[in-house]
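Below: the structure, in structure tokens.
When a ligand or atom number is given, it counts from 1 through the structure's own listing order. Hydrogens, waters and symmetry mates are skipped; everything else that's a heavy atom, side chains included, is used.
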Amino acid sequence: MKAEILAHLGPHPWANRLQYVDTVDSTNTYLKTLSLQNAPHGTVLIADRQTGGRGRLGRSFHSPEGLGIYMSLLLRPQCPPEQLMHLTCATAVAACDAVEAVTGLRPGIKWTNDLVVGHQKIAGILTELVHTSQGICAIIGIGINCQQKEEDFPPEIRDMAASLSMLTGRSPSRSALCAALISALFKMDANLFSGKEEMLNRYRRDCVTLGKEISIVRGDGTSHATALDIDSDGALVVRYAYGKMEKVASGEVSIRGMYGYV
Ligand code: BTN
């Protein structure tokens, strides 16, 4: 698989920073360990299977062998963490670009970190920051459902999850998609600050949450609102039913459509 990815990638500045493992608990967790052992900016870790794939808000990410993409990227940005608030949005746009390049299908984005097609999730992103003695590291994890059939998903997520092969009727090459992701993430990193406004406009275009009536679920309860905009940090601007407007940051909340997951 690694040789195939490298063949699709061609000469690339991150090619010799690619690591591939058969099984790992979580590529994000393992890459965190590597970041503390001085792994360089641009290290990419891909696994064929995760035994403890993680999602946002303590959720799990089902990661069966050979069916999905489980990838994490290590960045060492030279800036304070508060300037990285848009990183998950930038990753979502890059992941949409990669999926579109390989399958012809452009997913939508359910704010903040899920790629969806129709009412079903095909991919998720988990961005984590690590403070090391050499400064901050960002670990960006991306999981994409590629070749699962409906019965490969656990019953409790079958309604809301789908794979690229279920949606396109074709079996996308996982190695081609990994290479496309690495290329798209390299461009994202190169333009992370200079291209921020353009990226946010692309995010707004792809974001299926905007304009929708949503439920905002926090530790202390659920409120209803209309999703209006994405601000310059990637926060969701909402108007509550009683009229007040607020910017919601992704760390705090889970968002649902009023009538389902999207
Ligand atoms: C979510 O659905 O909330 C995010 C899912 C992110 C899954 C990816 S798979 C590769 C990386 N390793 C993990 O443990 N999680 C991310």
- Message: I want to check something: taking the side chain as every heavy atom from C-beta on, are Leu75 and Cys137 in contact at a cut-off of under 4.5 Å?
- Response: no
- Query: Can you find a heavy atom in the side chain of Ile122 that is under 4.5 Å from one in the side chain of Ser163?
  - Reply: no
- Message: Check this for me - ligand 1, Ser26, N or O atoms closer than 3.5 angstrom, yes or no?
- Response: yes
- Tell me which one of Leu115, Thr27, Ile144, Thr127 gets a heavy atom nearest to atom 11 (C) of ligand 1. Thr27
- Message: For the CD atom on Glu198, are there more than 12 heavy atoms of other groups (residues, nucleotides or ligands in this structure) within a distance under 6.0 Å?
- Response: no
Under 4.0 Å from a heavy atom of [X]: which atoms of ligand 1 are those, numbered in the order shown and with their elements?
X: Met71; result: 10 (C)
X: Ile125; result: 4 (C)
X: Gly55; result: 1 (C), 3 (O), 4 (C), 5 (C)
X: Gly53; result: 14 (O)
X: Lys121; result: 1 (C), 2 (O)
X: Gly143; result: 7 (C), 8 (C), 9 (S)
X: Arg54; result: 5 (C), 6 (C), 7 (C), 13 (C), 14 (O), 15 (N), 16 (C)
X: Ser72; result: 11 (C)

- Verdict with reasoning, Thr27 to Gln50, per side chain to side chain donor-acceptor pair (under 3.5 Å): CA-CA 7 Å; Thr27 54; Gln50 295 183 119; 3.3 Å; yes
Mark yes or no for whether [X], through its side chain, and [Y], through its backbone, hold a donor-acceptor pair below 3.5 Å.
X: Ser72; Y: Asn28; result: yes
X: Asp231; Y: Gly234; result: yes
X: Lys196; Y: Leu192; result: no
X: Asp114; Y: Lys110; result: no
X: Gln78; Y: Arg76; result: yes

For ligand 1, is any non-hydrogen atom under 4.0 Å from [X]'s backbone (N, CA, C, O), its side chain (CB onward), both, or neither?
X: Leu57; value: neither
X: Ser63; value: neither
X: Thr29; value: neither

- Without hydrogens or angle criteria, can the side chains of Thr168 and Thr103 be said to hold a donor-acceptor pair below 3.5 Å? no
- Task: Would you mind checking which non-hydrogen protein atom is closest to atom 9 (S) of ligand 1, with the distance to 0.1 Å?
- Result: Gln50 NE2, 3.3 Å
- Message: Starting from atom 3 (O) of ligand 1, what is the nearest protein heavy atom, named by residue and atom, and what distance separates them?
- Response: Arg56 N, 2.8 Å
- For Arg59, is the nearest heavy atom under 4.0 Å from an atom of ligand 1? no
